[in-house]
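Below is one structure, written out as structure tokens, with a few remarks after it.
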Amino acid sequence: MTLKMGGQFVVLSLAVFFFISFSQATSTSIKPLIFIETNHSATAARSCSYTLTIKTSCSSPKYTRDRVSIAFGDAYGFEVYAPRIDNPSSRIFETCSTDTFQIRGPCIYEICYLYLKRVGSDGWKPESVKVYGSDRPAITFKYNKLLPNGVWYGFNHCRKIM
């Protein structure tokens, strides 16, 4: 059997995929990266990419149909806002799971606040949210609390800029 260069790449890619998929020793399933484009203002000169890793607590309900929004930013007023990061049909935010999101938004200097909002009756409990930005160190916000319904809840570690 003769394979062209492209065919060899496909076979090699499939072999690597199956090796990684079946060699995972953890009970968490492999989930695809979720891409979200935010509604940022036209005044933002540049757009940056952020990776968010959200861990759902093991004491959270098995799954949630709650709508989940996120907002994070810096002390200078630059903010990334995503009105919906949930998707009940794709097994996001299941108990003891980790979900990774790729979000584009305005460039932020140093992320110092992060808020989550959940709307629904299931009651989702995030353990932590870790944000990686381009050219910035990652920052982790530890929740491990049931989010109140319909209210922005989170952390603001920003220092006032004079």
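None of the values given here were measured: they were computed from a predicted structure.
- A donor-acceptor pair is defined here as one N or O able to donate and one able to accept, closer than 3.5 Å; no such pair exists between the side chain of R136 and the backbone of A138.
- Contact of the F72 side chain with the L52 side chain is registered, since non-hydrogen atoms from C-beta on lie closer than 4.5 Å.
- Taking the centre of each ring, Y109 and F78 come in below the 6.0 Å mark.
- Using a 4.5 Å heavy-atom cutoff, the side chains of I54 and T98 are not in contact.
- When every heavy atom of V131 is checked against every heavy atom of I111, the shortest pair comes out as CG1-CD1, 3.4 Å.
- Expressed to the nearest 0.5 Å, how far CZ of R91 lies from NZ of K62 amounts to 8.0 Å.
- To the nearest 0.5 Å, the span separating CD on E79 from CG on L114 amounts to 10.0 Å.
- A centroid separation of 6.0 Å or more is found between the aromatic rings of Y50 and F101.
- Contact between A71 and W152 at its shortest, heavy atoms only, is N-CZ3, 3.8 Å.
- F155 and H157 have parallel rings, their planes meeting at less than 30° on a 0 to 90° scale where 60° marks the start of perpendicular.
- Note on W124 and Y63: separate hydrophobic clusters, where clusters join Ile, Leu, Val, Met, Phe, Trp and Tyr whose side-chain heavy atoms are under 4.5 Å apart, directly or indirectly.
- Counting all heavy atoms, side chain and backbone alike, S57 lies closest to T95 at O-OG1, 3.4 Å.
- Under 3.5 Å, the side chains of S59 and K125 contain a donor-acceptor pair of N or O atoms.
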**Request:** Decide side-chain contact (heavy atoms from CB on, under 4.5 Å) for T140 and V129; before the verdict, give the C-alpha distance in whole Å, the side-chain angles of both, and the deciding distance to 0.1 Å.
**Result:** CA-CA 6 Å; T140 302; V129 179; over 6 Å; no
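- At least one donor-acceptor pair closer than 3.5 Å links the side chain of D86 to the backbone N or O of V68.
- The heavy-atom pair separating G154 from Y115 by the smallest distance is N-CD2, 3.3 Å.
- Rounding to the nearest 0.5 Å places SG of C48 at 7.0 Å from CZ of R104.
- Side-chain contact between L116 and F141 is absent, with no heavy atoms from C-beta onward closer than 4.5 Å.
- Of the charged side-chain nitrogens involved, at least one lies within less than 4.0 Å of a carboxylate oxygen, so that D122 and R65 count as a salt-bridged pair.
- Of the possible donor and acceptor atoms, none in the side chain of Y153 sits under 3.5 Å from a partner among the backbone N and O of Y143.
- The shortest side-chain heavy-atom distance between D66 and F93 does not fall under the 4.5 Å cut-off.
- The cluster map of Ile, Leu, Val, Met, Phe, Trp and Tyr, joined by side-chain heavy atoms under 4.5 Å apart, puts I139 and I103 in the same cluster.
- Looking at E94 and I92, their side chains never come closer than 4.5 Å, going by heavy atoms from C-beta outward.
- Of all heavy-atom pairs between I85 and A82, the closest is CG2-CB, 3.8 Å.
- The two residues A75 and C112 have their closest heavy-atom pair at N-SG, 3.4 Å.
- Between the side chains of Y76 and E110, no donor-acceptor pair of N or O atoms lies under 3.5 Å.
- Remark: side-chain polar atoms of R118 are paired, donor with acceptor, to backbone N or O of L147 under 3.5 angstrom.
- Taking NZ from K55 and CG from N144, the interatomic distance works out to 11.0 Å, rounded to the nearest 0.5 Å.
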